[in-house]
Amino acid sequence: MFGGSQIYSNSSRFYYAAIYRFNIEIKTWSSCKPAGKWKIGFDSAVPVRFDGMIYLFHGGTNDMPPGQPSNNTSTVTNATYIYNVLGNTVVEQTSSSYPLYAAPPSLFNYGGVHDDSVIFVSGFSIAQDGLDGIWVYNFTTQDWVAGAAKTTPLTTTTTITTTTTTTTTITLVVAMVPSTSARSEPASGPRVEAIVGPTVGGIVLVLAVAACFLERR
């Protein structure tokens, strides 16, 4: 369990950043004391687990250190909180190398994981009740990105001898275009992006066979 908030008798809301773990077998709570610390308290962050890490996205806050009030003022944050389960360490991200793709301060709906990314759709912000948009966070780069689809270029070089005994080397650049399915398989097979060499009938035929062979693999 991460963070949380509490309202006291004077209506001040305090936000926290503590981490608690519940042992299911012995049914007891324990407090985790990780290396490092989160600078502000928060609640309602959206948790996503990936590759031994727990990512907590955005949430409510008062922009104060954990456990300190702030003149009854509550807002939302754009911070990403990262907890390394095995290493018991924490990291707080409040900026992005790609601000154009970064989500604004908000309370997110739950995200959906696709490959090494999580996708968020809509949410809530202080400036507007409903926040419409689609945002993608990449776990490998640990940053906001333009999209979740992977594109893996595959370059092959083929030597073809024409009927005029002229040897020509052509290069095929095949882009594996992922589908929108969870399996992330190519949607329509390899696509020839660039062809270098003479466009005689024999070469066109070989290209068709090479594309068919790559597609079946």
Side-chain angles (χ1 to χ4, degrees), residues 1-22 29 31-85 87-148:
M1 187 172 67
F2 301 88
S5 63
Q6 182 177 2
I7 299 178
Y8 286 86
S9 57
N10 62 353
S11 298
S12 295
R13 182 180 290 273
F14 290 68
Y15 291 85
Y16 303 94
I19 302 174
Y20 296 93
R21 177 178 299 180
F22 183 75
W29 287 95
S31 175
C32 299
K33 300 185 181 301
K37 64 179 182 179
W38 289 322
K39 298 178 182 179
I40 61 175
F42 60 92
D43 68 0
S44 303
V46 176
V48 179
R49 182 178 178 180
F50 184 86
D51 196 23
M53 313 282 276
I54 296 178
Y55 296 78
L56 301 146
F57 293 93
H58 296 197
T61 185
N62 60 0
D63 285 331
M64 294 293 291
Q68 295 187 20
S70 177
N71 299 323
N72 301 331
T73 300
S74 293
T75 184
V76 291
T77 179
N78 65 343
T80 300
Y81 311 91
I82 305 173
Y83 177 61
N84 185 317
V85 179
N88 195 31
T89 59
V90 296
V91 175
E92 179 179 326
Q93 295 179 336
T94 56
S95 61
S96 170
S97 298
Y98 307 98
L100 179 64
Y101 307 133
S106 54
L107 296 178
F108 276 136
N109 292 321
Y110 285 98
V113 175
H114 175 75
D115 288 330
D116 62 341
S117 300
V118 59
I119 305 171
F120 294 100
V121 180
S122 72
F124 169 85
S125 70
I126 296 298
Q128 56 189 93
D129 293 338
L131 187 65
D132 296 327
I134 300 175
W135 299 275
V136 180
Y137 184 91
N138 184 275
F139 296 118
T140 301
T141 62
Q142 293 190 338
D143 206 346
W144 298 97
V145 293

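Every residue two or more places apart in sequence or in another chain that forms a ring pair (Phe, Tyr, Trp, His ring centres under 6.0 Å) with F120 is listed here: F57, F108. For Y98, there are no ring pair (Phe, Tyr, Trp, His ring centres under 6.0 Å) partners at least two apart in sequence or on another chain.
Across every non-hydrogen atom of A79 and T94, the tightest pair is CB-CG2, 4.0 Å. Summarising the geometry of D115 relative to A148, their closest heavy-atom pair is OD2-O, 4.5 Å, with the distance given to 0.1 Å. Among all heavy-atom pairs drawn from L107 and G60, the shortest one is CD2-N, 3.4 Å. The minimum heavy-atom distance between W38 and A17, with the atom names listed, is CE3-O, 3.6 Å. Looking at every heavy atom in both residues, V136 comes nearest to S117 through CG1-CB, 3.8 Å.
Side-chain polar atoms of Y137 and Q93 form a donor-acceptor pair below 3.5 angstrom. Counted by atom type alone, D116 and N138 present one or more donor-acceptor pairs between their side chains at under 3.5 Å. Inspection of the Y16 and D43 side chains reveals no N or O donor paired with an N or O acceptor under 3.5 Å. In the model, H58 has no side-chain atom that pairs as donor or acceptor with a side-chain atom of T77 under 3.5 Å. No side-chain donor from either of S74 and N62 sits under 3.5 Å from a side-chain acceptor of the other. Between the side chains of Y55 and Q142, a donor-acceptor pair is found at a separation under 3.5 Å.
No donor-acceptor pair closer than 3.5 Å links the side chain of W144 to the backbone N or O of P99.
Residues Y15 and P65 fail the side-chain proximity criterion, which asks for heavy atoms closer than 4.5 Å. Annotation: side chain of N88 is in contact with side chain of Y83 (closest heavy-atom distance under 4.5 Å). Counting heavy atoms from C-beta on, the side chains of V48 and V113 come closer than 4.5 Å. Using a 4.5 Å cut-off on side-chain heavy atoms (C-beta onward), P104 and N78 make no contact.
Between the CG atom of D143 and the OH atom of Y101 there is a distance of 11.0 Å, given to the nearest 0.5 Å. In this structure, the separation between CE on M1 and CD1 on I19 is 11.0 Å, given to the nearest 0.5 Å. Here the OH-CD distance, from Y81 to E92, works out to 5.0 Å after rounding to the nearest 0.5 Å.
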Item to complete: Could you walk me through whether T75 and T61 pass the side-chain contact (heavy atoms from CB on, under 4.5 Å) test, one step at a time?
Response: CA-CA 5 Å; T75 184; T61 185; 3.9 Å; yes

Practice prompt. Assess whether side-chain contact (heavy atoms from CB on, under 4.5 Å) is satisfied between I82 and N84, documenting all intermediate values.
Written response: CA-CA 7 Å; I82 305 173; N84 185 317; over 6 Å; no

Practice prompt. Would you please test T89 and M53 for side-chain contact (heavy atoms from CB on, under 4.5 Å) and show each step?
Written response: CA-CA 10 Å; T89 59; M53 313 282 276; over 6 Å; no

Practice prompt. Begin from the C-alpha positions of V46 and L56 and carry the test side-chain contact (heavy atoms from CB on, under 4.5 Å) through to its verdict.
Written response: CA-CA 5 Å; V46 176; L56 301 146; over 6 Å; no

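Note: F50 and F139 have parallel aromatic rings, judged against thresholds of 30 and 60 degrees for the angle between ring planes.
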